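In what follows, chains are A, B, ... by sequence order, proteins preceding strands, each numbered from 1. All figures in this text were calculated on a predicted structure; none of them were measured in a lab.
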Amino acid sequence: MSVRVRFAPSPTGFLHIGGARTALFNWLYARHTGGAFILRIEDTDAARNTQEATDVILKGLTWLGLDWDEGPATPDPTGPSRGNFGPYFQSQRGEIYRRRVQELKDKGMAYESEGAVKFRMERAPIVIPDLIVGNVTRELTDREQADPDFVLIRSDGQPVFHFVNVVDDLEMKITHVIRGEDHLSNTAKHIALFRAFGVPPPHYAHIPLILNPDGAKMSKRDRGASLQTYMDEGDVPEAVVNYLCLLGWSPKDNREKMPLAEIIQRFDLPQIHRNNARFDIDKLRWLGGEYIREMPRDRFRESALAALTRAGCKWETYPSPYVNAAIATCEGKIKRFGELAPYAGFYFTDDVPIDPAQFPDDSKARLKKLRDAFAQLPNFVAAEVEKSLKIVAAELGIKAGPLVHPTRLACTGNPSGPSLYHLLEILGKETVLKRIDKVI
RNA sequence: GACCCUAUCGUCUAGCGGUUAGGACAUCGCCCUUUCACGGCGACGGCACGGGUUCGAUUCCCGUUAGGGUCGCCA
């Protein structure tokens, strides 16, 4: 039987990085096995589920490159979708749930209680066969002993998560449930429900959680918990995907940076870890740098310009050869595009921030001499600029460094940045002299 | 409180009875270099603890401890 897996998020207006990884693992498993990846929106909470919130999920998955074989085509619950098992919004599946509750009632497995419908839960321990953890025997907790039955339908008529989740997995013929370990204990309830319906439950694979750097569960408040952060800060999606793969899964041979095709080919459930992993932003960013470095020039420029625009940088007012040359000097230098505006913003403004304290008198005197030398240059290109600077340094009896540093500071406002001589050439003689003059 | 999962450098991990416990990120040196980054070389740093089993345990078993998760008319 062909594999069918699903990602079933609740639209809260927020795509958790852990949720993104759950989606990724499901997607990888589907692609690895040639099965189907289904997206189902669990929008039973009408009050807080909006189309905007659903759109966050669709956009996030799309950004990561996780395409779904079945599921919504738009954030509209009543809109078009792909697949033969719809609707893919739980808010549109009320009729199915009503039918299924009736089925349980008819079997004597469910009953009315204070306006709600409750499930007659099994009292005996339930064994959860988990593909990652192994067989887990789940007993009732002391609280559950006191009242083992749980609510299926709230007194306001709305079905609860455990119920809709199982009904949908059943109706959509899901074969493997790959989800966070936080659901492991709940799975006993789900298995009992499948049994009540008289069908075998799907295979379960509970993946470890992503923890914050402190070792606690990544919560909404933790920095980097939302996928949106990475979209906003100009991270490369391939790097995010690659990094997420490395959290809780390992190819076992020390490979880390891997093309997606290779990951798909090698991804499988047995290599998934059992232990939680802390999120390490530094390692993600390292991967980001690697991916950016090998990025085709055109894509680099496009992403760079988009990031500059997001940062409010007015690069459009500059001639396009100037813009392209400026961007080119940043290639290989950044780990994410959000770094670009502070790194190269000086190209696109006349107002470079200058801290007078950084220019002592002797530094100013040197700059003055350099300025005069620059002013004499008929051909203000990198090689000539470099030659000129080195001559001035020799005349002053100093190394290039003490001259380079203040020049960079005066022209860019930054102690670090692109190659100095190239940056000066791009800025042009007039601008360079103007900026040095301002300091002197 | 009850139940469940987990435990190798700071972090992510390899290991699956005998290894100088390997790699990556981070950190710190040195080299390269006009800055930064890249790259190269090197350093630092780990098997949570206690019992077993065994000729021999990081590896298998039990316990302790620690961390995480779950016990909702949230998902």
Side-chain angles (χ1 to χ4, degrees), chain A residues 8-12 19 42-45 48-49 90 113-118 125 128 130 132-134 136-148 150-162 164-165 180-189 206 208-209 211 213-217 243 246-257 273-287 289-290 292-293 330-335 339 343 382 385-386 389-390 393 399-405 407-409 412 414-424:
Chain A
S10 178
T12 60
E42 305 218 332
D43 58 342
T44 51
D45 189 341
R48 87 181 152 158
N49 298 153
Q90 289 184 333
S113 170
E114 296 176 32
V117 179
K118 295 184 84 173
I128 302 162
D130 189 276
I132 291 164
V133 186
V136 175
T137 304
R138 167 62 153 78
E139 290 175 33
L140 294 179
T141 66
D142 54 356
R143 279 172 220 198
E144 289 167 335
Q145 295 276 5
D147 181 19
F150 60 90
V151 169
L152 257 25
I153 309 288
R154 286 189 272 266
S155 49
D156 66 0
Q158 288 299 310
V160 304
F161 162 75
H162 298 301
V164 293
N165 195 263
E181 195 200 19
D182 48 343
H183 286 292
L184 184 55
S185 295
N186 289 153
T187 303
K189 290 187 171 86
H206 287 93
L209 269 20
L211 272 23
D214 296 331
K217 186 180 176 181
Y243 177 68
L246 262 23
L247 272 189
W249 175 81
S250 165
K252 303 288 185 191
D253 61 356
N254 285 338
R255 291 271 289 152
E256 297 204 306
K257 180 168 172 292
H273 303 144
R274 286 134 281 259
N275 49 316
N276 297 341
R278 298 187 196 203
F279 194 85
D280 182 0
I281 191 79
D282 286 332
K283 189 141 184 177
L284 165 61
R285 296 272 148 88
W286 164 71
L287 270 172
E290 296 288 311
I292 288 180
R293 225 162 278 127
C330 302
E331 284 174 11
K333 301 279 197 171
I334 55 174
K335 292 174 158 57
E339 293 173 6
Y343 190 82
V385 171
E386 176 172 5
L389 184 140
K390 285 185 171 160
K399 286 187 166 181
L403 208 45
V404 164
H405 189 66
T407 306
R408 172 185 296 284
L409 222 39
T412 73
N414 239 317
S416 68
S419 161
L420 180 69
Y421 307 122
H422 292 91
L423 138 201
L424 294 179

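Looking at A:Asp214, its side chain never comes within 3.5 Å of a backbone N or O of A:Ala216 through a donor-acceptor pair.
Applying the 3.5 Å distance criterion, the base of B:rA24 shares a donor-acceptor pair with the side chain of A:Lys283. A donor-acceptor contact under 3.5 Å is not formed by the side chain of A:Ser185 with the base of B:rC71. Remark: the A:Asn276 side chain and the B:rG68 base include no donor-acceptor N/O pair separated by less than 3.5 Å.
Nucleic acid contact class of A:Ser250 (heavy atoms, under 4.0 Å, all strands): sugar-phosphate only. Nucleic acid contact class of A:Gly289 (heavy atoms, under 4.0 Å, all strands): none.
Set against B:rG39, B:rC4, B:rU34, the side chain of A:Leu420 has B:rU34 as its closest nucleotide. Comparing B:rC25, B:rA75, B:rA37 by their nearest atom to the side chain of A:Thr44 picks out B:rA75. Of the candidate nucleotides B:rU11, B:rA14, B:rC25, B:rA14 has the atom nearest to the side chain of A:His273. Relative to the side chain of A:Lys335, the nucleotides B:rU35, B:rU8, B:rA37 differ in distance, and B:rA37 lies closest. Distance from the side chain of A:Thr141 is smallest for B:rC71 among the nucleotides B:rC71, B:rU6, B:rG23. For A:Val151, the side-chain atoms get nearest to B:rC73 when compared with the rest of B:rG68, B:rC73, B:rU35.
Among the candidates A:Arg274, A:His206, A:His273, the single residue satisfying the side-chain contact (heavy atoms from CB on, under 4.5 Å) test with A:Ile132 is A:Arg274.
Remark: B:rA66 base-pairs with B:rU6; criterion is Watson-Crick or G-U wobble with both hydrogen-bond distances under 3.5 Å. Taking a pair to require two hydrogen-bonding distances under 3.5 Å in either a Watson-Crick or a G-U wobble arrangement, B:rA24 pairs with B:rU11. Of the nucleotides present, B:rC71 is the one that pairs with B:rG1 by Watson-Crick or G-U wobble criteria, both distances under 3.5 Å. Pairing partner, B:rG29: B:rC41, with both Watson-Crick or wobble hydrogen-bond distances short of 3.5 Å.
Contact record, A:Leu389 with A:Ala400: CD2-CB, 4.0 Å, taken as the closest heavy-atom pair.
Between A:Phe161 atom CZ and B:rU70 atom P there is a gap of 11 Å when expressed in whole angstrom units. The distance between atom CD1 of A:Ile334 and atom C1' of B:rA37, rounded to the nearest whole Å, is 11 Å. Between the CG atom of A:Asp282 and the P atom of B:rU27 there is a distance of 7 Å, given to the nearest Å.
Separating the CD1 atom in A:Ile334 from the CD1 atom in A:Ile292 is a distance of 4.5 Å, to the nearest 0.5 Å.
Nucleotides B:rC25 and B:rC47, compared at atom P, are 22 Å apart to the nearest Å. Rounded to a whole angstrom, the distance from the C1' atom of B:rG46 to that of B:rG39 is 28 Å.
Geometric assessment of A:Lys189 against the ring of A:Phe150 yields a positive cation-pi assignment under the 6.0 Å and 45° thresholds.
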